[in-house]
Amino acid sequence: MTVWRISAVAMLLMTSAATAFAGPSVSSAKGPALPQGWSFLNDPSPLLSPRGVKEKDAALKGEGVKGIDVGPASAVSSASDATGLWLPLGERTPVAAFRRGGSFVLVAAGRHPLDTAALGGIAPFGTVQSQILGNSTVVRISCPVDSALDLEPVAGGWTVSLTPSRANSAMKLGQEGQALTFTPPRASDAMQVLTVQDPDSGRRLLLGLAQSGVVSETMARRGDGFEVRPSLMGVVIAADSDVLELRQSSGKFFLDRIGPGSLPLLSQGKMATYGASMAGVRLGETSPEALHSAAYHAWISAAMAIAGQRFDARIRLAQELARLGNGPELAQVLQTALEDQPEGVARSDVKRLQQIAAVLNHRPSSDLRDEEEGSTPEDQFWRGMVQTLSSEKENSVSGSERGQAAKLIASGLPSITSYAQPLRHRLVPSAAEWVVRYGDETDRAVVRKMPENSDTALAHALLAAQDHDPGASKKLEILAGSSAPMIWPVAREAALRLGLETGQIPPGVVGARLDALMPAFRMAGREPEARLLTVDAFAKAGEWPKALQAIQDGQQLYGTGQFPGAERLSWVAMGMASHAPDKPDTALAEADLLKKAVLAATGQSRIQLNFLKALSDRYAVLGLPLAQRDTLQALAQLQEGDDAQKTKLQIARLNLETGALDAALQALPPEEPASVNVLPGGHVESSEVVLLRAKIALAQHDPQKALGYLKNRSEPEALEMQASVLEQQKDWNGAVKALKNLLQPLLSGQNETANPLTSEQSQLVLRVGADASRAHDSAMLSSLAKQFSARMSGQPSAAMFRLLTEGKDSSVPAGG
């Protein structure tokens, strides 16, 4: 059976061979008894010399078990008397031991089956667990958080004492080439190197097992990809990089990088830069009770400190508040301390605490943003977190700057997993989310390696959504049901974004849901992104007015220069220009949106151009020619070439419609001399320009000028207008000639068996017949009768057509 013992102080262990147990008195004639406050659990013989054991056995035989007293406690003491434990691991067995809050972890070389079933609840110790891993043994013991521990090899084993017998000698830190070296204070050939998983954080631990040498708190710093932890024995290094190697040779432990092109562990090759952040702020994890107890005592110390010690006491209090994640009180304590001692701002620990306060309180500071001291992962993490504050407040921050912050955070994210739980709970969710959103795949790989727990659940869900993982929707839906106001809006936004990207949710529905949840997004700091997603959703649904409204709402909050960006605004402007409403009420509401959009797009000619087009269409639907004309005049100034000419023609038509004849002529291109048109290669004005000139001439009561414009034009509209002018002048022959050209498509290749005429065609035939009758053109009437008599049958104007073409007395003018 495994034997566990209470260890004595070093003096007792060195003199235990001369100790005898005889009689019930406190002291013995053979030697001193156990000092007060110490007692053994079960049989203490493994800690005694053979002579002492024999004497003790003789005393037991001579006097019997009853009445034996070994000092102030009995040989089989109560659990509350325990001040140490003895582990039968072999005193020459190399070990590495360290503490993590209320847990003591010891790793010993070799396989040592230990019986721990009967050792639970030995106060003040807690549970004892033993596990054999390969060729090593791991022992975990629960112990008081605020107690000091001592580890010593004694009598074929190792003792764990609550009261240190003496200060263990520290490892000697050195540097050989690019490697760090750890040299035990006592030379020994019993040194080994093991690699295990940290039972608390899951990180890879490089363990240097030794018989002597500790790593003190002052040596516990983080380097680039590694962390040297405090130890009670041996070397304990948490490694985040796979290229780090711990090896032992010539009585030393070497920590180095392996592989070609490896960088040195020290950024400048100097011992002064060794370790992590030189800030000296201890944020390590411990139990909640210990955290609050430490903060309480720090408050008392700060309140009672004398003037010369008050600043340091306040900084220690600030450190405890940082571990508790109490940002408001941390900032208040720092402010008070620096008001009394302003020069303290230059201290590295004060700067780190200011960074922590800024991040916890979401208050950016330009003084901290450019702080460049330290190049370790922890330093980079805090610089990155401070940069995120500026990015959140300044919409002008570019994507590259956000990416740089993500890279800094990712480099140090694994190092903060050892922080106290309250602080870690405040930092990890937002830091991991930032890396997922703005980092590259290398940065996101850091988050992928992190265990999925309450702190990283949102980041892992966002990663799944980015990957379009089939389980992403379920993860986000679960988080969307959370009561945390900083969690569920972010998850809901991500779920709607995923639904829009994958087509699982209609775009219009996505936009409407986002718009309804905007207050929650504002509270969670996701309002700008949610508004942009609303714009995208409405635009994808073709609901351009709603998309424009979403843009204007965002511009009102974040400024026209920053929200939502020229590309997205141009997309919406093109959509508005391609969409014309058919109802005046809708057109009126959209016109109001577009007027604001035109003003907001000043300086962005392409975007403004599309908005002006859309606004002109709305005025046309509303029947506001003056407003439409003014809009088109602004549009023409932004256009060139044919587009500008078309717009000017529209302006000319509107001027003609409103009676502004001179303005209508000015809107047309300069009139070319008639001689140019008859020359080979001469320029001929378009039919649209000619018709406008003719209409303006008619509006000016100059029909001859209008006929001059229409002369030699063969376009149907020009012929129609020419015939109308001639009919007004009662030039029936000229009118018949013009209309005959319009009738030509019906005369060529048609016969009596062809299809019946349409209503418009029959009206044209009847008009030609009426003008021919007035002109006494019997040949034309006969031709019409021959070509269209059968095709006019069934038309409402068939009787009038027969009357015109089949008159009994052709000598009498049919037209009267």
Side-chain angles (χ1 to χ4, degrees), residues 100 105 133 194-207 221-229 236-246 255 257-259 262-263 265 276-277 283-285 375-385 388 402-421 423-472 474-476 478-479 487 490-491 494:
R100 293 298 302 275
V105 182
L133 297 177
L194 291 177
T195 301
V196 299
Q197 286 295 114
D198 187 344
D200 294 314
S201 66
R203 299 170 73 184
R204 189 167 66 101
L205 293 183
L206 307 179
L207 301 179
R221 297 170 183 156
R222 296 179 180 86
D224 186 8
F226 68 94
E227 173 191 4
V228 179
R229 292 183 173 177
V236 181
I237 297 173
D240 298 317
S241 174
D242 293 334
V243 299
L244 287 171
E245 177 187 64
L246 183 67
L255 178 65
R257 299 185 191 275
I258 59 176
S262 295
L263 298 175
L265 293 177
S277 137
L283 304 172
E285 184 177 4
S375 59
T376 66
E378 186 183 12
D379 296 322
Q380 293 174 8
F381 171 82
W382 285 108
R383 281 204 300 275
M385 291 299 289
T388 65
R402 288 190 172 98
Q404 180 187 15
K407 193 166 292 296
L408 290 172
I409 294 171
S411 67
L413 191 56
S415 67
I416 70 168
T417 57
S418 62
Y419 281 5
Q421 194 276 337
L423 179 60
R424 188 174 69 245
H425 182 68
R426 292 287 306 276
L427 295 175
V428 172
S430 58
E433 180 184 347
W434 188 277
V435 172
V436 170
R437 292 188 184 280
Y438 305 112
D440 55 26
E441 189 54 40
T442 302
D443 303 329
R444 289 192 288 270
V446 175
V447 180
R448 295 183 192 277
K449 294 178 181 178
M450 297 180 70
E452 190 168 350
N453 51 37
S454 59
D455 291 339
T456 60
L458 180 59
H460 280 284
L462 294 176
L463 276 174
Q466 288 183 359
D467 299 338
H468 288 183
D469 190 294
K474 184 176 181 180
K475 288 183 178 181
L476 291 171
I478 293 173
L479 291 171
I487 297 295
V490 179

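Just the heavy atoms: all of them, side chains too, but no hydrogens, waters or symmetry mates, feed the values below.
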[X] side chain vs [Y] backbone, donor-acceptor pair below 3.5 Å:
X: R424; Y: Y419; answer: yes
X: T195; Y: L207; answer: no
X: H460; Y: K475; answer: no
X: R444; Y: V435; answer: no

Can you find a pair of side-chain heavy atoms, one from [X] and one from [Y], that are under 4.5 Å apart?
X: D455; Y: P429; result: yes
X: V446; Y: D443; result: no
X: V447; Y: E433; result: no
X: M385; Y: L408; result: no
X: E245; Y: L255; result: no

[X] side, atom [atom1]; [Y] side, atom [atom2] - distance, nearest 0.5 Å:
X: M450; Y: N453; atom1: CE; atom2: CG; result: 7.0 Å
X: L423; Y: I416; atom1: CG; atom2: CD1; result: 7.5 Å
X: L244; Y: I237; atom1: CG; atom2: CD1; result: 8.0 Å
X: L427; Y: L283; atom1: CG; atom2: CG; result: 9.0 Å

Point to revise | H425, NE2: over 12 other non-hydrogen atoms inside 6.0 angstrom | key: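 Not buried by this count: 12 neighbours or fewer within 6.0 Å.
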Which heavy atom in [X] sits nearest to a heavy atom in [Y], and how many Å separate them?
X: A465; Y: A472; result: N-CB, 3.6 Å
X: A405; Y: T388; result: CB-CG2, 4.2 Å
X: A406; Y: Y438; result: CB-C, 3.8 Å
X: A431; Y: L413; result: CB-CD1, 3.9 Å
X: L479; Y: A457; result: CD1-O, 3.8 Å
X: L206; Y: R204; result: CD2-NH1, 3.4 Å

Exercise for review: Evaluate the side chain to side chain donor-acceptor pair (under 3.5 Å) criterion for residues S415 and E378: first the C-alpha distance (whole Å), next the side-chain angles of each, then the deciding distance (0.1 Å), finally the verdict.
Suggested key: CA-CA 6 Å; S415 67; E378 186 183 12; 5.8 Å; no
Point to revise | Qualifying residues under side-chain contact (heavy atoms from CB on, under 4.5 Å), relative to I478, sequence neighbours excluded | key: K474
Point to revise | side chain to side chain contact (heavy atoms under 4.5 Å, CB included) between I409 and Q380, worked out | key: CA-CA 6 Å; I409 294 171; Q380 293 174 8; over 6 Å; no
Review point. Run the side chain to side chain contact (heavy atoms under 4.5 Å, CB included) check on R437 and L462 step by step: do they pass?
Key: CA-CA 8 Å; R437 292 188 184 280; L462 294 176; 3.8 Å; yes
**Study point:** Those residues that, when tested against D467, pass side-chain hydrogen bond (donor to acceptor under 3.5 Å, both in side chains) (two or more places apart)
**Key:** R448
